[in-house]
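Notes for the one structure printed next.
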Amino acid sequence: MRYTKTLIPTMKEVPSDAVTPSHILMLRSGMIRKLASGIYEWLPLGKKALNRVEKVIRDLHDVEGCLEVLLPALLPKSLWEQTGRWGEYGAELMRLKDRQGREFCLAPTHEEAITELAGNYIKSYKDLPKTFYQIQTKYRDEIRPRFGVMRAREFIMKDAYSFDADEQGAGLSYDRMFALYKKICAALSLEAVPVIAKTGLIGGTKSHEFMAPSDEGEEELVYCGCGWGANQELAYSKISSVKEEPLPLEEVSTPGVRTVEEVSAFLKLPAEKFIKTLIYRTADGFACVLVRGDHSADPAKLRSIIGDDARLADEKEIEEITGGPLGFSGPVGLKIKAYADNTIKYGCNMVSGANKKDAHIKNINCPRDFQAEFMNIRTVKAGDPCPECGKPLVVARGIEIGHTFYLGTKYSEKLKASFTDKAGKDLPIVMGCYGIGVSRIVAALISQNHDDKGIIWPRGMAPYQIEIIAASSTGPAMEKAEEIYKALAEKYEVLFDDRDVSAGIKFKDADLIGIPVRIVLGPRGMKTGECEIQSRADGKTEAVKLDKLLEKISDFT
RNA sequence: CGGGGUGUGGCCUAGCUGGUAGGGCGCCUGCUUUGGGAGCAGGAGGUCGGCGGUUCAAAUCCGCCCACCCCGACCA
């Protein structure tokens, strides 16, 4: 492709509404253009990158025997009412009416549609198992679209759905898709780690997210080299139990010392010996949350336990509930519902507030001195021991690029997608669903592969394999560049910067666009019959005789 | 939705307590340039987000609306 024939509207300046590196680079390199909040147009260069990602995903699904379909983006309300999700999905579902007043939604995901379809054709155990997939535009009325195509309201997703005769088969399908996802990430040159995750609105029982580690990531993930990983919303670490002789409760005077740090210093006891007592006002009254002194309660975990509306009690409320001032609350003698982090259960001779001014209680032991419901509440920190192997855990931000769900019969029962088994019995099909954020992966790749000058496409994912630059727009260098372009274009996808602009502009744009291999022809080389092959990734340059270029270039692509 | 902020040619922006819009990049023409976003000369392009109000006079002050961005709850 000639630069003058395509459209690559690069920008020198950073558009004011972009913040993250991938968003900035996608805009600056002329890959995408915003039409409205969370709605993007894919320009030629961006579309080529998108096609690359799609192709890898499509090809590997096909190899796995998945069957590609294309379902409607526009779905009737009735279908969504059958699963109850017309109501459940809430404001996130883009709804619209036709001229007759019939209601539809723009599909955010396709469990209903595919289950209805499969239910129609799959009648016998002989028709199973089957896995369908599609690569399609999805619509979600995101609460807050942001970061360009990373969280858009219209985006491209690959969604696959497996159909099996029983749980065992569905489990195998799940495992096969899980393995396929790993293969796809590798083929995309995308670093990604699978972590256990929540199921959200899709539902189901077993679920993994595929997370691409990146500072741009919207979620926190916790993982270990041994393969264990979890979303911070679910993460936990190995708990070591303390073996000590339980001592009798003892009240100690702690005048004016409130925080764990202060009391810890005052009593000369480490922070992990303390129980932090947080009093919350929830929808059903007050509750306390207990975490170890050196831990903190995770907001997401907390929310799923005490509800979205819960808030910390104020000083007055604390006095009323505990009888003591803020900073001196403790679980002993408290009459309200208590939720404690699992680590508390294994603590011994702990310290917490005495629920009166200037006093703490030592040697608290559970369940001797208080009762609580134990759950996973704390935020896992980097370095905490892995629950599987005990090695230090890594905590990082990550971009969710894929999600696998074991669905069971949640949808097939509601949509009456059943089959007849060997015994002649009618059974609901057992399902799984598997999503990959295709457009988001383009952003994730850029987020993992860039420098201050621009994108550095991994080989194989770049919109073009080779870019040819003539360092002078006229004369022998340009003529030679033409010649080389024509020769290489037969074998490779080549972008030829044939613009009549200064060499500086071409180099800057090339750095920005990030084509992995660059061939530079200039007046200097013309004298010696040489050109240069440059690598975008490491900046290495090699001088090559023009007549050797065609054979040499194959080492670079 | 709650909190914060911004809207000025395609992009980045100046414009203080009102006096009728300026720069840089980009674009067009010509000449000179051509190995890291060139130089000179000329030129095009603006309902200052929209509507209403105050005023002799509004980009500027006031009100309402719209759009967009950031922080938070949701998710591929």
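By convention in this document, chain letters (A, B, ...) are assigned in the order of the sequence lines, proteins followed by strands, and residues within each chain are numbered from 1. Everything quoted here is computed from the prediction, not taken from an experiment.
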ask   = Does the pair A/Trp80 and A/Phe104 meet the rule for a ring pair (Phe, Tyr, Trp, His ring centres under 6.0 Å), with working shown?
value = CA-CA 9 Å; A/Trp80 282 70; A/Phe104 294 85; over 10 Å; no
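Across the C1' atoms, B/G45 and B/G22 are found 15 Å apart, a figure rounded to whole Å. Between B/C71 and B/A38, the two P atoms lie 34 Å apart (nearest whole Å). Taking atom C1' on both B/G9 and B/G26, the two are 11 Å apart, rounded to the nearest angstrom. A gap of 16 Å separates the C1' atoms of B/G63 and B/U55, to the nearest Å. With both ends at atom C1', the span from B/G35 to B/C28 equals 28 Å, rounded to whole Å. Annotation: B/A14 and B/G46 have their C1' atoms spaced 15 Å apart (nearest Å). On the C1' atoms, B/A67 is 25 Å away from B/C25, given to the nearest whole Å. Spacing between B/C1 and B/U60 at atom C1', rounded to whole Å, works out to 32 Å.
In this structure, A/Thr409 contributes its side chain and A/Ser412 its backbone to no donor-acceptor pair below 3.5 Å. Panel note: side chain A/Asp62, backbone A/Leu67; no donor-acceptor pair is recorded below 3.5 Å. In this structure, A/Arg28 contributes its side chain and A/Met11 its backbone to a donor-acceptor pair below 3.5 Å.
Of the candidate nucleotides B/C75, B/C68, B/G37, B/C75 has the atom nearest to the side chain of A/Arg140. Here B/A76 is the nucleotide among B/A76, B/C74, B/G37 with the atom lying nearest to any side-chain atom of A/Glu400. Closest to the side chain of A/Arg146, from the set B/C68, B/C71, B/G37, is B/C71. Residue A/Ala36 has its side chain nearest to B/C68 when only B/C68, B/G37, B/C74 are considered. Side chain of A/Ser472, nearest nucleotide from B/G35, B/C75, B/U34: B/U34. Of all nucleotides listed (B/A38, B/C11, B/C69), B/C69 comes nearest to the side chain of A/Asp17. The side chain of A/Met11 lies closest to B/C11, out of B/C74, B/G35, B/C11. Closest to the side chain of A/Ile143, from the set B/G35, B/A76, B/C1, is B/C1.
Straight-line distance from the CD atom of A/Glu216 to the P atom of B/A76: 19 Å, rounded to whole Å. When rounded to the nearest whole Å, the span between CD1 of A/Ile401 and P of B/C75 equals 18 Å. In this structure, the CD1 atom of A/Ile39 is 13 Å from the C1' atom of B/A67, given to the nearest Å. For the pair A/Arg85 CZ and B/C74 P, the computed distance is 17 Å after rounding to whole Å. In this structure, CD of A/Glu41 is placed 15 Å from P of B/G10, rounded to the nearest angstrom. Rounded to an integer number of Å, the gap from A/Lys198 NZ to B/A73 C1' is 12 Å. Rounded to a whole Å, the CD atom of A/Glu219 is 8 Å from the P atom of B/A76. Here B/A76 presents its P atom at 19 Å from CG of A/Leu50, a figure rounded to the nearest Å.
With a cut-off of 3.5 Å on both pairing distances, the Watson-Crick or G-U wobble partner of B/G30 is B/C40. Across all strands shown, B/G18 has no partner, as no Watson-Crick or G-U wobble contact with both distances under 3.5 Å is found. Base pairing analysis places B/A58 opposite nothing; no Watson-Crick or G-U wobble pair with both distances below 3.5 Å involves it. Of all nucleotides present, only B/A67 satisfies the Watson-Crick or G-U wobble test against B/U6, with each distance under 3.5 Å. When Watson-Crick and G-U wobble pairs are counted only if both distances are under 3.5 Å, B/G45 pairs with no nucleotide at all. When Watson-Crick and G-U wobble pairs are counted only if both distances are under 3.5 Å, B/A73 pairs with no nucleotide at all.
Nucleic acid contact class of A/Ala91 (heavy atoms, under 4.0 Å, all strands): none. A/Ser16 comes within contact range of the sugar-phosphate backbone alone, with a heavy-atom separation under 4.0 Å but no base atom that close. A/Ile505 comes within contact range of at least one nucleobase, with a heavy-atom separation under 4.0 Å. At the heavy-atom level, A/Gln534 lies under 4.0 Å from base atoms of the strands shown. As judged by a 4.0 angstrom heavy-atom cut-off over every strand, A/Arg499 is placed among residues making no nucleic acid contact. Among the heavy atoms of the strands, none lies under 4.0 Å from A/Lys138. Across all strands shown, A/Ala152 has heavy atoms under 4.0 Å from base atoms, whether or not it also approaches the sugar-phosphate. Within 4.0 Å of A/Met150, counting heavy atoms only, lies at least one base atom of the nucleic acid. Using a 4.0 Å heavy-atom criterion, one finds that A/Arg144 contacts the bases of the nucleic acid, with or without backbone contacts as well. No engagement by A/Glu209 is indicated, since no non-hydrogen atom pair under 4.0 Å with the nucleic acid exists. As judged by a 4.0 angstrom heavy-atom cut-off over every strand, A/Val14 is placed among residues touching the sugar-phosphate backbone only. Nucleic acid contact for A/Asp159: none, since no nucleic acid atom lies under 4.0 Å from a heavy atom of the residue.
Ion pairing between a basic and an acidic side chain is recognised when a charged N comes within 4.0 Å of a carboxylate O; A/Glu92 and A/Arg140 show no such pairing. The residues A/Arg518 and A/Asp497 are annotated as not salt-bridged, no charged nitrogen and carboxylate oxygen being separated by less than 4.0 angstrom. Checked for salt-bridge contact, A/Arg95 and A/Glu103 miss the test: no charged N lies under 4.0 Å from a carboxylate O. Under the 4.0 Å criterion applied to side-chain N and carboxylate O atoms, A/Arg153 and A/Asp141 are assigned as salt-bridge partners.
Under the side-chain hydrogen bond (donor to acceptor under 3.5 Å, both in side chains) criterion, the residue pairs touching residues 176-194 of chain A are A/Lys158-A/Tyr181, with sequence neighbours excluded.
Ring pair A/His208/A/Tyr174 is tilted by interplanar angle, where 30° to 60° counts as tilted.
Place A/Thr10 and A/Phe210 on RNA chain B by their nearest nucleotides, and A/Thr10 ends up nearer the 5' end. Comparing A/Arg440 and A/Glu532, the nucleotide of RNA chain B nearest to each residue sits closer to the 5' end for A/Glu532.
Two rings, from A/His61 and A/Tyr133, have their centers less than 6.0 Å apart.
Considering NZ of A/Lys198 and CD of A/Glu233, their distance stands at 4.5 Å, rounded to 0.5 Å.
At B/C69, one or more side-chain N or O atoms of A/Ser37 fall inside 4.0 Å of OP1 or OP2 (strictly under the cut-off). At the phosphate of B/C69, OP1 or OP2 sits under 4.0 Å from a side-chain N or O atom of A/Lys34.
RNA chain B lies under 4.0 Å from at least one heavy atom of each of the following residues of residues 512-525 of chain A: A/Arg518, A/Val520, A/Gly522, A/Pro523, A/Arg524.
Ring-base stacking between A/Phe507 and B/G37 is not satisfied when judged by a centre separation under 5.5 Å and a plane angle under 30°.
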